Number of protein chains: 2
Amino acid sequence: MRGKELRRSLSVLPIGTVMKLTSLTARQIRYYESQKLIFPQRSDGNRRLYSLADVDRLLEIKDYLDDGLNMAGIREVYDQKQRESEQRKNQDHQLTDDDVRKILHDEFLQAGGLKTPSAQQPQAPLQKPL
Amino acid sequence: MRGKELRRSLSVLPIGTVMKLTSLTARQIRYYESQKLIFPQRSDGNRRLYSLADVDRLLEIKDYLDDGLNMAGIREVYDQKQRESEQRKNQDHQLTDDDVRKILHDEFLQAGGLKTPSAQQPQAPLQKPL
DNA sequence: GCTTCATGTTATAAAACATAACATGAAGCC
DNA sequence: GGCTTCATGTTATGTTTTATAACATGAAGC
């Protein structure tokens with residue numbers, strides 16, 4: 001189940017569709033972009049292309065506006081959210097069982113051939129590659 | 001987890017996007033429609049709108065073509081598939097545990113109030129509503 | 001009363017799409 | 001070889017959608 005995020009981040013929707021899905025006007029959607037709240041892709045012909053994740057974000061923005069936030073406030077929310085996740089990325093935690101298994105597996109391969117792995121400690125600090 | 005099929009059948013993609021996702025030309029996509037293999041929705045302005053399910057179907061069609069089927073053959077495959085599922089719909093089977101629970105629950109409600117349900121047999125034959 | 005913010009409205013140009021007609025290469029048949 | 005059919009390419013023409021930019025406006029805050 002790794003392709004789900006990929007699907008959600010595929011930029012395939014034209015602004016007209018996004019208008020219907022969010023009940024926002026084109027003016028609003030473009031304005032939020034000018035305010036650095038969303039970052040749609042562009043097609044070859046310069047059309048904006050949105051992902052499902054973008055649509056969700058626009059719905060979030062609507063909620064924040066209903067709560068009385070202004071553009072700067074919403075931007076701050078997202079900036080902070082991003083800073084947090086950046087931090088998490090720089091820590092050695094957040095390794096799933098699967099990651100650990102893969103790392104161990106790779107190290108065994110590098111250590112020589114396809115021998116049956118025996119118990120062993122990793123030599124380098126565990127860290128996700130970029 | 002009921003909204004997944006809904007999402008997959010949301011008609012939101014313009015033909016240009018579908019072209020990229022399937023590596024088919026607009027000519028091909030429209031031709032397959034003329035041959036009753038796909039049935040995209042239309043926007044207010046008469047633009048074709050495709051769902052993710054449509055995209056999957058187009059990829060299937062590509063595979064069938066690679067296998068040497070022609071339009072009539074592919075149509076036959078889909079017609080038959082549909083007849084089969086029509087049949088299944090008319091049988092009393094295919095009720096999931098969840099369905100049974102819902103039916104029982106509704107009958108308890110109808111039977112009066114929010115009393116703690118006791119063991120009981122359904123009076124009518126189990127059958128999914130349309 | 002003056003600003004600012006979020007949005008509406010209008011004008012203009014370009015891109016995308018719809019439909020329809022004609023063109024074509026491959027395959028099958030006589 | 002000629003003829004037909006099938007799946008697709010190509011071209012022409014008109015409509016819809018989108019982009020950008022400028023000006024307009026109502027509400028809120030000072």
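The structure presented is a predicted model; accordingly, all values stated were derived computationally and were not measured. Chain identifiers are assigned alphabetically (A, B, ...) following the order of the sequence lines, protein sequences preceding nucleic acid strands; residue numbering begins at 1 within each chain.
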request  = Find the runs of at least 3 consecutive base pairs, i with j, i+1 with j-1 and so on, that include DNA chain D, using Watson-Crick or G-U wobble geometry with both distances under 3.5 Å.
outcome  = C:1-30 with D:1-30
query = How many angstroms lie between CG in Leu24(B) and CZ in Arg30(B), if you round to the nearest 0.5 Å?
reply = 12.5 Å
inquiry  = Is the terminal nitrogen or CZ of Arg57(B) (NZ for Lys, CZ for Arg) located under 6.0 angstrom from the six-membered ring centre of Tyr32(B) and within 45° of that ring's axis?
reply    = no
inquiry  = Can you give me the first and the last nucleotide of DNA chain C (5' to 3') that has an atom within less than 4.0 angstrom of a non-hydrogen atom in chain A?
reply    = dA6(C) to dA16(C)
inquiry  = Please report the interatomic distance CD1(Ile61(B)) to CG(Asp66(B)), rounded to the nearest 0.5 Å.
reply    = 12.0 Å
ask   = Taking Arg48(A) as the fixed residue, which of Pro40(A), Ser43(A), Ser11(A) is the one that meets the side-chain contact (heavy atoms from CB on, under 4.5 Å) rule?
value = Pro40(A)
query = Where is the tightest heavy-atom contact between Leu49(B) and Arg42(B), given as atom of each residue plus distance?
reply = CD1-C, 4.4 Å
request  = Using modelled atom types only, decide if a donor and an acceptor are shared between the side chain of Lys36(B) and the backbone of Arg75(B) within a distance under 3.5 Å.
outcome  = no
message = So, taking the atom named CG in Leu58(A) and the one named CD in Glu33(A), what distance separates them when rounded to the nearest 0.5 Å?
response = 10.0 Å
note = So CG of Leu21(A) and CG of Asp54(A): to nearest 0.5 Å the spacing works out to 11.5 Å
message = Counting neighbours of CD on Gln35(A) that are heavy atoms of other residues, nucleotides or ligands and sit closer than 6.0 Å, is the number greater than 12?
response = yes
request  = Could you tell me the separation between the CD atom of Gln82(B) and the CD atom of Gln80(B), rounded to the nearest 0.5 Å?
outcome  = 11.5 Å
request  = Classify every nucleotide of nucleotides 12-18 of chain D by which part a protein heavy atom approaches to under 4.0 Å, writing B for the base, S for the sugar-phosphate alone and - for neither, in 5'-to-3' order.
outcome  = ---BBBB
